[in-house]
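Remarks on the structure that follows.
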Amino acid sequence: MKTIDELLAEGVSGKRVFVRADLNVPLADGLITDDGRIRAVLPTVKALAEAGAKVIVASHLGRPKGAPDPQFSLLPAAERMAELLGKPVAFAQDTVGPAAHDAVDGLQPGQVAVVENLRFNAGETSKDDAERAAFADQLAALADAYVGDGFGAVHRKHASVFDLPKKLPHYAGYLIATEVGVLKKLTEDVKRPYVVALGGAKVSDKLAVIDQLLGKADRLLIGGGMAYTFLKAKGYEVGISLLQEDQIPAVTEYLERAEKNGVELVLPVDVLVAGEFPDLKTKAPANPTTVAADAIPADQEGLDIGPETRKLYASKLADAETVFWNGPMGVFEHPDYAEGTKAVAQALIDSPGFTVVGGGDSAAAVRTLGFDEKAFGHISTGGGASLEYLEGKTLPGLAALEN
């Protein structure tokens, strides 16, 4: 795929360049709680602006239903981008309508505009090819060239990700080029031992990637809510812990295949339990109890890995040459259940190898828990995209940039 460096070499002064970013930041009462995705696209935006381009930044935020919804406005992201750039950023209150055209027409070389949430338009996410293409035509009218830099969306067959690059000269931005380079290190000529830590709520979200990793990784460490389906598959009582009973046959097969393939599939040996889910708003003390993983009381819920499991997982990561981590080990948003996730994050930092935090809640946890992002080899901006790449799927947004 062509990169932004090639576009810059061709010359962009005075050209309108459409940057498909991922500004899908978490918001609380209208305030951004984690600006990592905005900061991730800044190198691309800065390089284009400094070269004299008229930069049009577009993104989705949340899941509006194809119509304007104030709670999903990109205005807070545009304002934060302006702060980070140290210069004004124009904001258009629509995506392809009069406000967007006025904002783009008003740009001088080196200036930046953000248009409103792409998903306020039904054509962005439509499954109808013609409807998506028609919306892509409207977007294409705003620009002379396209730069794809929204890695968190490249696994979506959406108009701005898949259809628009076909209509304009297209290039990969710095973020996407970096993300793809990192993922190749996890799939091609991997340095071993290769250890993967998987957490998060639902085992069903990770089945496909586990299926692939059972033939590639040396060790799989399982935590989070998904661990309880594995423990149940081993015949353990899991109480009222998160459980996907319909996935037990698949998990049982994976346990057997891991043993057959010589892959260490490591499960918690102890867990923190409580009789009810913690209050994440007040963060009132939860007073959990630590029990062995095979001794969870019937009326208790597992909410984090226990201290012995933390030590075990740290030891399994200590000699890793390549590490991929996706998904927290527990309900890290509450201080009483954050220690498992903290322990895995610290083990990645202590590991001598190349460490990748696979986006999503893992990336949010790293920032929320106060770790230095530079201590990790790479923090991905796309959890879902990273997983699908590791599953071996073709990602529509990358395929469009390669053509």
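- Remark: Lys202 NZ is loosely packed, at most 12 non-hydrogen atoms of other residues, nucleotides or ligands lying under 6.0 Å away.
- The stretch residues 222-250 participates, sequence neighbours left out, in these side-chain hydrogen bond (donor to acceptor under 3.5 Å, both in side chains) pairs: Ser204-Gln244.
- Taking the side chain as every heavy atom from C-beta outward, Ile296 and Val271 approach each other to under 4.5 Å.
- Lys46 pairs by the side-chain contact (heavy atoms from CB on, under 4.5 Å) definition with Glu50, Leu85, not counting sequence neighbours.
- At a threshold of 4.5 Å between non-hydrogen side-chain atoms, the residues Thr178 and Phe151 do not count as touching.
- Put simply, the side chain of Tyr194 reaches to within 4.5 Å of the side chain of Val196, judged on heavy atoms.
- Contact annotation: the side chain of Phe277 approaches that of Val331 to within less than 4.5 Å [non-hydrogen atoms, C-beta and beyond].
- Put simply, the residue from Arg132, Arg156, Arg20, Lys157 that forms a salt bridge (charged side-chain N to carboxylate O under 4.0 Å, His left out) with Glu124 is Arg20.
- Looking only at atom types and distance, the side chain of Tyr174 has a donor-acceptor partner in the side chain of Asp5 under 3.5 Å away.
- Contacts classified as side-chain hydrogen bond (donor to acceptor under 3.5 Å, both in side chains) and involving residues 92-111 (residues at least two apart or in different chains) are given here: Thr95-Asn121.
- With hydrogens and angles ignored, the 3.5 Å screen pairs no side-chain donor or acceptor of Asp35 with any backbone N or O of Ile38.
- Within the structure, every pair that satisfies the side-chain hydrogen bond (donor to acceptor under 3.5 Å, both in side chains) test and touches residues 138-147, not counting sequence neighbours, is listed here: Arg16-Asp144.
- Within a 6.0 Å radius of CD in Glu6, more than 12 heavy atoms belonging to other residues, nucleotides or ligands are found.
- For Phe120, there are no ring-ring contact (aromatic ring centres under 6.0 Å, His included) partners at least two apart in sequence or on another chain.
- By the ring-ring contact (aromatic ring centres under 6.0 Å, His included) test, His334 pairs with Tyr337, sequence neighbours left out.
- Atom NZ of Lys283 sits in a crowded spot, with more than 12 heavy atoms from other residues, nucleotides or ligands closer than 6.0 Å.
- Residue Asp211 is tested with Lys206, Lys393, Arg257, Lys216 for a salt bridge (charged side-chain N to carboxylate O under 4.0 Å, His left out); the sole match is Arg257.
- Annotation: side chain of Phe354 is in contact with side chain of Lys185 (closest heavy-atom distance under 4.5 Å).
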